[in-house]
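These numbers were taken from a predicted model, which means no experiment stands behind them.
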Amino acid sequence: MMEILANFFGAFLPEWMVTLLIILIKVVAIVLPLILLVAYATYAERKIIGFMQVRVGPNRVGFKGLLQPFADMFKLIFKEIVIPARSNRFLFLIAPLLAMGPAFAAWAVIPFSDGMVLADVNAGLLFLLALTSLGVYGVIIAGWASNSKYAQLSALRIGAQMVSYEIAMGFALVGVLMASGSLNLGDIVRAQSGSIFSWFVWPLFGLFLVYFISGVAETNRAPFDVAEGESEIVAGFHVEYSGMAFSIFFLAEYANMWLIAALTSLMFLGGWLSPFQGLTFLTDMPVLGRVFGDGIHWLLLKASFFMLLFFWFRATFPRYRYDQIMRLGWKILIPITLVWIFAEGLAIALGWKPWL
Amino acid sequence: MLGEYLPILVFLAVGFGLAVVLLGLGLLAGPRRPDAEKDSPFECGFPAFEDSRIKFDVRYYLVAILFIIFDLEIAFLFPWAIVLDTIGVFGIVAMGIFLTILIVGFIYEWKKGALEWE
């Protein structure tokens, strides 16, 4: 399909513009579904937490409240963006951009299905590690530029928390790299093909737990949401933000949650690979074979499961105290990953690879 | 080779562009009626007591410094983890020595109380 488009545009445009246009179309084809997923994640969150607390959740706008995300968005567009008098105006307005840019750009290297990836770069995981680290700037700058005490406190807390959990996250990634032998996300998934038992979640179960817990802490979700702790510092770093400026932080947060969910499924649960792999009597069936076979729907399903976990945590766990968060990050998760990596390295050096 | 990174650049531009468009839309479509009370920093209804540029705990700095050390360590581990298959026992011993030095430092800072937040 892309060739037809390329030929069509090639008739009256120079070559470099055609390349750029094709890339742009592909980017939009990723960004639009992503925004939709983000919008419906907010709806799903309210519905699911509603059911867990024996309420109905949003049910007024559209059928069973299905249009609620759009209603929220239109409302927020027409709200005033208050810029506090004592804030640093430039940094105040640039902070939401710095939060959203990396949260979206990280999707460039995510493979949705075999070969279905925008930028099939070799250093995919390194790029992701770099971009997820950039996310902290938006938050810290927002907190500092607001010149409000709550925002300031939240920025400090969040800065220390995010960098702490990034270490545990990075070490967990190293474990995945050792098992797969590649930084390319597509190759990491392909290294897990075979059957459900070749997924990295089995040999790297500890790292899988560490990675997802760190992911929850990285996105400042409950139970690690001291940065937004409503009862202590109101709304944290975005207490001074209103209207669209606030909703950009919101979008970035949910895009990051989807990113963590997608990455966890890619690196530990075989991404687009079907759990029924190897069971040929299922995958060779005429029509149902497509459902049981590999494909983007499995990635979506696995990522949705992790999103459900995000909401579930929020509905069930009480918030951690700040010293407990730092203790969990530094004194429990990091030692676990260090020991795990050492044992894994030993296994590889001795030629014993349980996942192959 | 570098051409593979062009989509990433475009995606970054689209990401930032989208944020700029949304923010611009909000600034254009929303009303703007500033008043002194609304524009003052939020402090539970009180007028702000003092500037928010306050002194804060040195431990936040400490965590940031420790983070740099460990993050560099991870950056070193990345290429090592990729080629571990081919460098075998030599690789594991070399990284073992490297990690031991780091872990000794980690134990030191733990015992010194740099990780305590009580």
Side-chain angles (χ1 to χ4, degrees), chain A residues 20 23-24 26-27 31 77-82 84-86 93 96-97 100-101 104-105 107-109 118-121 126-127 146-150 152 156 159-160 163-164 166-167 170-171 174 177-178 181-183 234 239-240 243-245 248 322-323 326 330-331 338 342 345-346 348-349, chain B residues 4-8 10-12 14-16 18-20 22-23 25-27 29-34 36 38-44 48 51-54 56-57 59-60 63-64 66-67 70-71 74 77-78 81-85 88-89 91-92 95-96 99 103 106 110 115-118:
Chain A
L20 214 61
I23 293 174
L24 216 57
K26 285 182 183 168
V27 169
V31 166
I77 286 177
F78 295 105
K79 288 285 174 187
E80 179 176 1
I81 297 179
V82 179
R86 278 155 73 177
L93 288 176
L97 311 186
M100 186 151 153
F104 274 72
W107 289 87
V109 293
L118 178 67
D120 196 16
V121 295
L126 204 60
F127 170 75
S146 298
N147 202 353
S148 157
K149 267 176 221 148
Y150 296 118
Q152 171 93 347
L156 288 172
V163 297
S164 300
E166 216 169 281
I167 299 169
F171 276 129
V174 171
L177 290 184
M178 285 160 75
S182 173
L183 277 166
V234 199
V239 64
E240 300 290 352
M244 226 41 208
I248 289 174
Y322 195 68
D323 63 302
M326 296 309 264
W330 283 95
K331 296 189 175 173
L338 280 173
F342 192 70
L346 222 57
I348 289 177
Chain B
E4 287 171 356
Y5 288 86
L6 182 66
I8 291 179
V10 176
F11 211 131
L12 260 176
V14 170
F16 281 111
L18 194 68
V20 170
L22 286 175
L23 199 63
L25 207 66
L27 284 172
R32 192 175 298 167
R33 290 187 275 277
K38 195 199 279 175
D39 288 353
S40 66
F42 176 78
E43 222 167 292
C44 294
D51 200 61
S52 71
R53 308 270 186 255
I54 43 176
F56 56 84
D57 204 318
R59 279 179 296 199
Y60 291 108
V63 166
L66 293 178
F67 161 72
F70 276 89
D71 212 35
I74 291 167
L77 276 173
F78 261 51
I82 300 291
V83 293
L84 190 59
D85 266 351
V89 179
I92 199 89
M95 193 44 87
L99 269 180
I103 289 168
F106 185 57
W110 190 324
L115 306 176
E116 305 298 329
W117 282 81
E118 278 76 38

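In this structure, the portion of A:Ile248 lying under 4.5 Å from any heavy atom of chain B is its side chain and not its backbone. Proximity to chain A (any heavy atom under 4.5 Å) is restricted, for B:Val14, to the side chain, taken from C-beta onward. Interface remark: A:Leu93 contributes backbone and side-chain atoms alike to the contact with chain B (heavy atom separation under 4.5 Å). Residue contact with chain B, scored on non-hydrogen atoms closer than 4.5 Å, involves the side chain of A:Leu338 exclusively.
Annotation: ring pair (Phe, Tyr, Trp, His ring centres under 6.0 Å) contacts of B:Phe67 (sequence neighbours excluded): none.
Nearest approach of A:Glu240 to A:Ser148, heavy atoms of both residues: OE2-CB, 3.1 Å. B:Leu12 approaches A:Ala105 most closely through the heavy-atom pair CD2-CB, 3.5 Å. Residues B:Phe16 and A:Leu97 share a closest heavy-atom pair of CE2-O, 3.2 Å.
Per-residue counts of heavy-atom pairs under 4.5 Å with chain B were compared for A:Lys331, A:Met244, A:Met326; the largest is that of A:Lys331. In terms of non-hydrogen atom pairs under 4.5 Å with chain A, the most contact-rich of B:Ile82, B:Val63, B:Leu22, B:Leu25 is B:Ile82. Of the listed residues A:Phe171, A:Phe342, A:Trp107, the one with more heavy-atom pairs under 4.5 angstrom with chain B than any other is A:Phe171. In terms of heavy-atom pairs under 4.5 angstrom with chain B, the leader among A:Leu118, A:Ile77, A:Leu156, A:Val27 is A:Leu156. Contacts with chain B were tallied for A:Asp120, A:Val31, A:Leu24, A:Leu183; A:Leu183 has the most, counting heavy-atom pairs under 4.5 Å. The candidate with the highest count of non-hydrogen atom pairs below 4.5 Å against chain B, out of A:Leu20, A:Ile23, A:Ile81, A:Val163, is A:Val163. Between chain B and the options A:Tyr322, A:Trp330, A:Phe104, heavy-atom pairs under 4.5 Å are most frequent for A:Trp330.
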CA sep, side-chain torsions, deciding dist, call: A:Gln152, A:Asn147, side-chain contact (heavy atoms from CB on, under 4.5 Å):
CA-CA 7 Å; A:Gln152 171 93 347; A:Asn147 202 353; over 6 Å; no
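Atom CG of A:Leu177 sits about 5.0 Å away from atom CZ of B:Phe78, to the nearest 0.5 Å. Rounding to the nearest 0.5 Å gives a distance of 9.0 Å between CG of B:Leu99 and CD1 of B:Ile92. One distance of note links CG of B:Leu77 with CG of B:Asp71; it measures 11.0 Å at 0.5 Å rounding.
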